[in-house]
Amino acid sequence: MHEFFENKHFPQEEEGRLQDLWEQNGINAFDLDSPAQVYSIDTPPPTVSGNMHIGHIFSYTQAEVLARYKRMQGLNVFYPFGFDDNGLPTERLVEKQIGHKANEFTREEFTDKCLEITEGYRRKFKELWRSLGLSVDWRYEYSTISPEVRRTSQASFLSLLKQGNAVRVDSPTLWCPECGTAVAQAEVDDKELSSSFHTIKFTLEDGCSVNIATTRPELLPACVAVFVHPEDERYKNLIGKNITTPLGDTVKIIADDAVSINKGTGVVMCCSYGDEQDMKWIKEHHLPEKVIIGKDGRMVDSGIDEINGASCNKARAIIIDKLKTSGDLIDSIPIKHDVGVHERCGTPIEIIPIAQWFIKIMEMRDKLIARADEIKWHPPYMKERYLQWVSNLKWDWAISRQRYYGVPIPVWYSKKTGEIIFPDESQLPVDPHAELPLNMPAEHTADDIIADSDVLDTWATSSLTPQINAGCGQNADLHNRVYPMDLRPQAHDIIRTWALYTIVMSELHEQSAPWSNIMISGHVLARKGEKLSKSKGAGGKGPESPEELIAKYSADAVRYWACGASLGKDVVFDENEILKGKKLITKLWNAAKFSIGNLEDFDPTKDMVAESDMEPTDQWLLLRIREVADLMNSTFEKYEVGSGRQEFENFFWKDFCDNYLEMVKTRLRSPELIEGGEKKKRSAQTALYLGLKAVLQFIAPYMPHVSDGIYQHYYKKYEPESSLHKTKYPQGMEGVDGSEHESLRFGMNNFITLIGNIRRIRTTERIAFSTESETLEIYGPTKILESLKPFIDDIKGFSKAKNIQFIEGESFDVKIIQ
RNA sequence: GGGCAUUUAGCUCAGUUGGUUAGAGCGUUCGAUUCACAUUCGAAAGGUCACUGGUUCGAAUCCAGUAAUGCCCACCA
């Protein structure tokens with residue numbers, strides 16, 4: 001036997017060698033010139049914001065398995081890869097690593113630091129993906145901070161601007177005081193925080209008082225009106241009257257049915273800006289705006305010296321103190337309530353009027369909903385999440401960020417006229433701070449213009465991945481072949497961002513859906529209900545790092561684990577599942593070792609037996625392979641890689657190893673005991689050759705290393721393809737008349753039942769498996785006995801009985817006579 | 001408050017269009033085995049399929065309702 005198979009188990013170091021081999025042989029290469037049907041994948045660019053965790057491995061592997069499967073279907077798979085290495089998440093990583101805030105540096109200095117640090121992470125990430133055996137075509141690698149991608153992103157922005165879909169609006173904006181930037185609705189999360197519900201005394205002109213409840217007394221200086229419900233009997237008579245705040249400001253009492261009669265005291269103060277309702281009221285009722293929170297989240301221009309410069313929390317305490325002293329505080333009740341916070345830093349979001357760029361998505365909601373119908377969602381219920389988010393949108397998409405490291409907004413403004421100045425298309429990518437517009441407006445010099453100082457939301461770039469992958473607008477051939485993409489794989493937490501924004505961009509730029517399928521994976525939880533934290537490495541509470549797990553169990557074992565879950569469902573990390581993968585690898589190894597060991601005197605180019613001449617046990621194996629191929633195909637059709645894995649395991653472990661190999665052992669090893677044994681041995685060898693190959697092909701997408709490793713060391717010398725991954729996936733039942741096989745199936749089922757009975761007797765009567773017996777008596781109705789007779793050689797071989805006797809009886813039974 | 005999902009063996013989960021006795025892996029117990037198996041194989045024990053009603057000859061599966069859990073969203077004076 002080939003010395004490779006003398007190993008006790010599949011050598012793990014073989015994985016790296018195979019990865020190199022695949023790259024050399026271009027197994028993963030997309031062929032732009034091939035006439036084969038294209039299958040394109042819009043791979044998620046992982047955010048460079050820290051170390052990767054097994055959650056990444058989990059969702060990427062599921063798409064990877066599909067890519068390999070599609071390739072074995074003969075499709076021309078386009079599987080690119082990129083890194084999202086700009087934007088706020090990356091800035092935060094860099095700030096953390098260097099221990100300084102971005103605003104302590106010049107823009108250039110900070111950008112240099114970012115480039116330097118992310119470069120290291122990109123290398124590390126790529127190494128990890130390679131070590132997992134991810135079959136991407138690295139020739140198409142991109143990074144979102146690269147010049148090509150910056151150009152694509154800026155060109156997209158300018159095109160939207162010209163269409164009128166990107167607009168600069170001076171209006172209240174969701175603002176993160178910690179990060180000092182505008183944020184989009186999608187970046188706001190709910191967080192339960194402790195607070196107090198304060199009831200404060202306001203005074204009417206007649207001296208009577210009205211109580212108003214609020215959680216944000218620090219906004220009292222910004223109170224511009226007081227609202228009551230028009231039908232509220234308690235306050236009906238006050239509508240239109242003036243009321244004075246404890247700080248001495250006098251405002252109108254206005255009726256609006258958005259007020260809840262039962263909430264608080266039924267009277268609401270409207271401040272600029274406590275929440276979105278305030279925004280609405282100020283706009284609808286043409287109320288003045290009093291802005292008292294600055295960009296840094298501190299109070300400013302409040303008219304009260306003690307609180308100017310203080311944070312909201314501090315200002316709140318000061319105001320409450322003042323109200324206590326003046327006797328205007330009726331009571332304070334501690335409460336817990338959900339507050340909108342920035343998803344990146346957990347800081348409560350404020351609403352501040354600052355001019356921002358927006359993409360007008362509100363008015364295209366119907367189209368965004370209609371596009372969802374053109375996409376197949378896997379699992380289907382994930383579409384609901386998308387639809388719900390889109391129909392509940394309240395804000396246009398704010399795309400400008402007051403940050404440093406990202407794609408600059410490529411415009412200048414005229415100081416003279418205020419008009420927007422565009423760069424020339426040929427200038428892109430452009431940094432408006434460092435460059436001047438090629439087409440300077442008439443009578444303007446460099447001193448007359450000012451650069452937009454903002455960068456684009458990182459999603460404004462990553463939502464262009466279908467276009468970026470398709471050649472950044474510079475390769476029409478590629479674009480035509482791969483766009484729209486066949487598949488978008490991603491996790492469910494970014495449906496409202498990445499999926500939505502990609503649909504938005506493709507709608508605006510290409511008037512089409514970006515992909516035909518979206519496959520949505522779940523999350524990995526450290527334990528029930530507990531998210532994986534990036535900081536939990538080895539020794540912590542969470543699972544070990546992907547690198548450690550791969551080193552410990554092999555890439556194939558980790559991949560096996562990643563494919564265990566139902567699509568879209570969160571799973572709790574269970575190291576035992578990786579161990580199961582490891583066991584399967586060993587089992588595959590040993591089955592191959594046994595099979596190949598029994599094929600030593602078999603030359604597939606000469607000794608193959610035609611299927612119609614094979615022994616029935618062997619014919620059955622080939623039949624099963626076709627059935628399993630159909631099962632696998634139908635699960636892949638639904639993108640359920642998990643159930644495909646299950647189908648394979650059932651077939652391989654039970655049918656192939658426990659049953660088939662045991663049934664043919666004697667025929668392979670001692671053909672002399674059987675009449676016409678040599679020919680029957682050839683039949684088994686043919687089935688074994690074909691059967692093992694199919695086994696390897698079935699598992700190849702999941703465990704590409706061990707399967708191709710075995711192929712390389714045995715099959716390659718007989719087969720035309722240089723790698724298992726270039727072979728065609730096994731054929732299903734198509735074109736085969738299944739009815740012809742009814743008697744074969746019936747006989748085999750009886751044979752398997754018979755095996756079970758023999759094993760049970762051996763267990764209960766404590767007869768060793770190696771013990772030979774004199775006679776095996778099989779009882780049963782004629783139909784069953786007749787169906788078993790074609791299998792007599794293998795029955796004899798399996799049972800180690802010298803004689804087999806078929807005895808008519810009512811029930812199917814067996815006896816071992818020693 | 002709305003949407004979605006989940007609830008099946010001690011644990012983790014499968015169960016396709018309703019069809020005999022509800023499955024797998026892990027764990028437990030017992031047995032065999034070094035002749036492919038860092039063992040592996042076999043057997044056994046273990047379930048009121050969350051609950052209540054309905055449709056049906058027949059329901060884990062379909063329908064209605066209830067409960068618990070999780071996720072997403074809204075509300076947040």
Side-chain angles (χ1 to χ4, degrees), chain A residues 1 5 7-9 185 188-190 192-193 195 197-200 212-217 219 223 226-228 258-260 262-271 274-278 335-340 379-389 391-394 492-493 495-496 522-523 525 528-529 531 564-566 568-572 574 576-577 579-580 582-584 586-598 631 634-635 638 640 642-643 646-647 649-650 653-654 657-658 661-662 665 669 755-756 758-771:
Chain A
M1 186 163 48
F5 293 102
N7 282 301
K8 287 291 278 179
H9 53 92
Q185 187 185 343
V188 181
D189 277 342
D190 278 347
E192 193 178 69
L193 296 176
S195 181
F197 206 30
H198 306 283
T199 308
I200 299 169
I212 293 181
T214 180
T215 53
R216 301 207 56 184
L219 289 177
C223 178
V226 163
F227 280 83
V228 296
V259 177
S260 311
N262 303 324
K263 213 159 192 174
T265 60
V267 191
V268 192
M269 66 173 190
C270 170
C271 308
D275 60 21
E276 287 158 39
Q277 185 61 52
D278 289 344
I335 54 160
K336 284 198 172 221
H337 67 159
D338 284 335
V339 178
Y381 61 78
M382 287 298 179
K383 185 176 164 187
E384 287 305 315
R385 275 202 198 182
Y386 169 85
L387 293 178
Q388 222 210 329
W389 175 260
S391 27
N392 288 332
L393 274 173
K394 290 209 168 126
H492 59 60
D493 57 332
I495 292 175
R496 68 182 187 182
H523 281 150
L525 307 175
K528 207 154 197 158
K531 282 185 184 171
S566 288
K569 270 190 203 167
D570 291 349
V571 292
V572 176
D574 181 3
N576 211 26
E577 285 291 309
L579 201 61
K580 268 177 75 182
K582 187 84 185 164
K583 276 188 176 176
L584 180 60
T586 303
K587 188 77 179 173
L588 279 162
W589 178 253
N590 282 300
K593 203 165 151 179
F594 172 82
S595 303
I596 291 164
N598 281 292
L631 280 170
S634 71
T635 61
K638 287 178 271 183
E640 287 282 3
S643 41
Q646 192 60 46
E647 295 296 351
E649 269 186 291
N650 289 342
W653 213 291
K654 290 279 160 204
C657 293
D658 296 347
L661 293 184
E662 295 301 333
K665 254 181 186 170
R669 285 205 289 237
I755 285 181
I758 293 170
R759 282 172 170 155
R760 197 170 301 114
I761 291 167
R762 283 200 166 134
T763 300
T764 50
E765 296 185 10
R766 311 212 162 172
I767 303 167
F769 276 80
S770 51
T771 311

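Numbers restart at 1 for each chain; the letters A, B, ... are given by sequence-line order, proteins then strands. These numbers come from a predicted model, not from an experiment.
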By salt bridge (Lys or Arg N to Asp or Glu O under 4.0 Å), which residues pair with [X], not counting sequence neighbours?
| X | result |
| --- | --- |
| K587(A) | none |
| K665(A) | E662(A) |
| D189(A) | R496(A) |

Distance (rounded to the nearest 0.5 Å) between [X] [atom1] and [Y] [atom2]:
| X | Y | atom1 | atom2 | answer |
| --- | --- | --- | --- | --- |
| K336(A) | L193(A) | NZ | CG | 9.0 Å |
| L588(A) | H9(A) | CG | NE2 | 14.5 Å |
| I761(A) | I758(A) | CD1 | CD1 | 7.0 Å |
| F227(A) | D278(A) | CZ | CG | 8.5 Å |
| E640(A) | S634(A) | CD | OG | 10.5 Å |

Residues in side-chain contact (heavy atoms from CB on, under 4.5 Å) with [X], at least two apart?
| X | value |
| --- | --- |
| N590(A) | T586(A), K593(A) |
| L631(A) | E647(A) |
| N392(A) | Q388(A) |
| R385(A) | M382(A), H492(A), I495(A) |

Please work out if [X] contacts a base, only the sugar-phosphate, or nothing of the nucleic acid, heavy-atom cut-off 4.0 Å.
| X | value |
| --- | --- |
| L661(A) | base |
| F227(A) | nothing |
| S634(A) | nothing |
| D190(A) | base |
| K665(A) | base |
| K336(A) | nothing |
| C657(A) | base |
| V259(A) | base |
| Q185(A) | sugar-phosphate |
| S260(A) | base |

Let me know the distance between [atom1] of [X] and [atom2] of [N], rounded to the nearest Å.
| X | N | atom1 | atom2 | result |
| --- | --- | --- | --- | --- |
| I758(A) | C41(B) | CD1 | P | 18 Å |
| K593(A) | U34(B) | NZ | P | 16 Å |
| F594(A) | C41(B) | CZ | P | 14 Å |
| Q277(A) | A74(B) | CD | P | 15 Å |
| H492(A) | C72(B) | NE2 | P | 8 Å |
| D574(A) | C13(B) | CG | P | 9 Å |
| I755(A) | A43(B) | CD1 | C1' | 16 Å |
| D278(A) | C75(B) | CG | C1' | 14 Å |

Check whether any side-chain N or O of [X] sits under 4.0 Å from OP1 or OP2 of [N], and answer yes or no.
| X | N | answer |
| --- | --- | --- |
| S566(A) | A14(B) | yes |
| R669(A) | A36(B) | yes |
| K569(A) | U7(B) | no |
| K8(A) | U40(B) | no |

Between [N] and [M], how many Å separate the two [atom1] atoms, rounded to a whole number?
| N | M | atom1 | answer |
| --- | --- | --- | --- |
| U52(B) | U8(B) | P | 15 Å |
| C72(B) | G19(B) | P | 35 Å |
| A24(B) | G42(B) | P | 11 Å |
| C51(B) | G10(B) | P | 14 Å |
| C49(B) | U6(B) | C1' | 14 Å |
| A59(B) | G54(B) | C1' | 11 Å |
| U61(B) | G15(B) | C1' | 9 Å |
| U29(B) | A67(B) | P | 42 Å |

Mapping A591(A) and D493(A) onto RNA chain B by nearest heavy atom, which one lands closer to the 5' end?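 Upstream on the strand: A591(A).
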Quick check on RNA chain B: between T214(A) and D658(A), whose nearest nucleotide comes earlier from the 5' end?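 Its nearest nucleotide lies further toward 5', so the answer is D658(A).
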With the side chain of [X] defined as its heavy atoms from C-beta on, choose the nearest nucleotide among [options].
| X | options | value |
| --- | --- | --- |
| W389(A) | A38(B), A74(B), A43(B) | A74(B) |
| R760(A) | C41(B), A44(B), A38(B) | A44(B) |
| K394(A) | A74(B), A38(B), C71(B) | A74(B) |

Y386(A): ring pair (Phe, Tyr, Trp, His ring centres under 6.0 Å) partners, not counting sequence neighbours: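 Per chain and number, Y386(A) pairs via ring pair (Phe, Tyr, Trp, His ring centres under 6.0 Å) with W377(A).
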Who passes side chain to side chain donor-acceptor pair (under 3.5 Å) against T199(A), sequence neighbours left out?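 Partners of T199(A) under the side chain to side chain donor-acceptor pair (under 3.5 Å) test: D331(A).
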Pairwise N/O distances under 3.5 Å, protein to nucleotides 23-30 of chain B:
from, atom 1, to, atom 2, distance (Å)
G25(B), O2', K580(A), NZ, 3.4
C26(B), O2', N576(A), ND2, 3.3

Are any of the side-chain heavy atoms of K580(A) and L584(A) separated by less than 4.5 Å?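 Result no, sub-4.5 Å side-chain heavy-atom pair not found.
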Can you give me the N/O atom pairs linking the protein to nucleotides 1-4 of chain B at distances under 3.5 Å, or say none if there are none?
from, atom 1, to, atom 2, distance (Å)
G2(B), N2, Q388(A), OE1, 3.2
G2(B), N2, Q388(A), NE2, 2.9

RNA chain B in dot-bracket, Watson-Crick or G-U pairs under 3.5 Å, [ ] crossing, | other strand? (((((((..((((.....[...)))).(((((.......))))).....(((((..]....))))))))))))....
